[in-house]
Amino acid sequence: MATTETTASGIGPVEGASQYSVDNPAPLIEAPRQRTKKSPKSTRGNFEMAAWLFMRLSGVVLVVLVIGHLLIQLVLDGGVSKIGFAFVAGRWASPFWQVWDLLMLWLAMLHGANGLRTVINDYAERANTRLWLKGLLYTATVFTILLGTLVIFTFDPNIR
Amino acid sequence: MATPVLDKADSAPEPGFADSPYITVTFRIRRFNPEISAEAFWDDFQVEIDPKERVLDALHKIKWELDGSLTFRRSCAHGICGSDAMRINGKNRLACKTLIKDINPAKPITVEAIKGLTVLKDLVVDMDPFFQAYRDVMPFLITKDTNEPTRERLQTAEDRERFDDTTKCILCAACTSSCPVFWNDGQYFGPAAIVNAHRFIFDSRDEAGEQRLEILNDRDGVWRCRTTFNCTDACPRGIEITKAIQEVKRALITRRY
Ligand code: HEM
Ligand code: SF4
Ligand code: FES
């Protein structure tokens, strides 16, 4: 038995002697997550719905694009060893593969970025942490999308 | 030995009848009293109890016979009022619906307050944020006619069946406090609020479905659901919560409900 004796007031010794009193009150627990003046007013609108839909739709398209990409790059025709400048140049000579890679770049980047946005929303606890992580994420996303797009459109097979 | 049953009754008493059904079970309870310490701690109690009793009976035994300062909520003690949701062996359950024999009494049984809400004392949490989200979805019948109705609002059996599952909610908060999205910042409406919105959105007599859908289209509304299924696992009423949330999402996209 853990504790059997009780004090006159019926309070078990678990309570022990209080460090706090009327003059020295226990710290107030801040009521969390109350809708205060600081919490944003309107957070409605269709953005979250659009983002949710985009994840499913882009996912479906990515299955085709990514698996096709992996097959071509890593499995078929001698596998990974065939990849080189010439191989890439050969594929990008066709507008079909340019569009494929462009679409894959945009969809995967936006899909991945939005996925990480939800991960940040779900895990970062402080507003500041969120701000910085999202800032970093959006910067990296924009940089990669722009650089990738630039390369696909300006690729010059005769560069030396 | 043609009739072993009779033979047995003659020779020995029914097994398990004469020997005591009582076993000793350790309850490891997460205690917190802000007037004493800002830290919570684990407190072990050994209880002699029939394993066919419920965790709530053990908590009563502890409070009444061992330590009167143990604090928890309970009211009906029969799974209907929704006051005693707690985290038992790491899973949200109602203490009054959990038999000790079902949760391995050979090992210490841990009992904690539900997560994601501020602990006030021991197993008692501040339910205000939970009920705020509930209020926000307007959980009451809204009709457009301004006149008092002169007769009952009738509904077909099929129309009633449409939202039957979500009428079973007892607002125990087991689902919302099992949701990892709610744990983070507590701004997510949470499964319970969506379940209770679902109950009216899909009610043919109610006319504010559009409004409720708009409310749940919020940044912290249904779209934060990650289909974790923790809520469905936790619900003591067996409500298919994740399904209800998906139905609200679908209604938002198709605007049909
Ligand atoms: C191959 C086909 C793909 C499919 C079918 C797919 C599907 C999905 C879906 C439906 C979600 C939403 C999950 C939710 O809301 O709970 C998601 C999340 C996510 N996806 Fe994809 N995806 C694919 C490829 C990718 C790629 C290529 C990336 C990386 C660039 C990626 C990164 C992410 C991330 C970071 C998340 C967030 C994780 C989370 O919410 O837990 N996915 N994916
Ligand atoms: S849906 Fe189930 S778990 Fe959630 S509050 Fe209602 S009864 Fe409790
Ligand atoms: S005490 Fe009422 S539900 Fe458990």
Side-chain angles (χ1 to χ4, degrees), chain A residues 1-22 24-36 38-57 114-115 117-127 129-130, chain B residues 24 26-29 31-38 41 43-48 62-63 65-70 116-122 126 128-130 132-133 136 179-188 213-226 228 249 252-253:
Chain A
M1 304 286 145
T3 47
T4 34
E5 53 291 20
T6 45
T7 57
S9 60
I11 297 172
V14 166
E15 301 251 357
S18 176
Q19 318 164 219
Y20 302 110
S21 64
V22 185
N24 180 29
L28 195 77
I29 331 166
E30 197 78 38
R33 308 175 269 278
Q34 257 170 5
R35 273 140 229 230
T36 59
K38 262 188 8 205
S39 43
K41 281 271 134 32
S42 178
T43 44
R44 289 175 205 161
N46 289 327
F47 178 74
E48 292 298 335
M49 174 161 72
W52 188 90
L53 269 173
F54 172 73
M55 289 307 270
R56 328 276 128 180
L57 298 177
N114 188 51
R117 182 184 69 93
T118 56
V119 170
I120 293 170
N121 280 339
D122 286 353
Y123 287 96
E125 287 175 21
R126 282 178 304 153
T129 321
R130 281 184 189 199
Chain B
T24 306
T26 305
F27 282 87
R28 184 159 292 166
I29 302 179
R31 308 286 309 263
F32 173 67
N33 182 348
E35 290 181 1
I36 293 196
S37 164
F41 62 98
D43 203 0
D44 279 10
F45 295 94
Q46 247 119 54
V47 184
E48 299 278 319
I62 294 168
K63 183 169 179 72
E65 294 168 20
L66 301 176
D67 181 351
S69 72
L70 179 68
L117 294 158
T118 305
V119 180
L120 299 177
K121 189 179 177 191
D122 294 347
D126 177 6
D128 277 358
F130 173 78
Q132 183 59 51
D136 285 351
C179 177
V181 176
F182 183 77
W183 291 339
N184 180 28
D185 62 0
Q187 295 298 318
Y188 173 40
L213 285 177
E214 241 357 277
I215 291 168
L216 290 176
N217 201 16
D218 187 281
R219 191 186 62 190
D220 293 307
V222 285
W223 307 115
R224 284 204 78 178
C225 167
R226 308 242 73 74
T228 312
K249 284 180 189 163
L252 259 167
I253 291 170

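The structure displayed is predicted, hence computed values, not measured ones.
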(request) Among A:Glu125, A:Arg130, A:Arg126, find the one that has a side chain to side chain contact (heavy atoms under 4.5 Å, CB included) with B:Asp185. (result) A:Arg130
(request) Mind listing the closest non-hydrogen atom pair of B:Leu252 and A:Met49 along with its distance? (result) O-SD, 3.8 Å
(request) Can you tell which part of B:Ile253 gets under 4.5 Å to a heavy atom of chain A, answering side chain, backbone, both or neither? (result) both
(message) Quick check on A:Ala51 against chain B: is it the side chain, the backbone, both or neither that has a heavy atom closer than 4.5 Å?
(response) neither
(request) State which residues pass side-chain contact (heavy atoms from CB on, under 4.5 Å) with A:Tyr123; sequence neighbours excluded, sorted by chain then number. (result) A:Val119
(message) Holding to side-chain contact (heavy atoms from CB on, under 4.5 Å), I want the full list of residues that pass it with B:Lys249, two or more places apart in sequence or in another chain.
(response) A:Trp52, B:Val222, B:Trp223, B:Cys225, B:Ile245, B:Gln246
(message) Are A:Asp122 and B:Arg224 packed together at the side-chain level, in the sense that at least one heavy-atom pair is separated by less than 4.5 angstrom?
(response) yes
(request) State whether the side chain of B:Asn184 and the backbone N or O of A:Asn121 hold a donor-acceptor pair below 3.5 Å, judged by distance alone. (result) yes
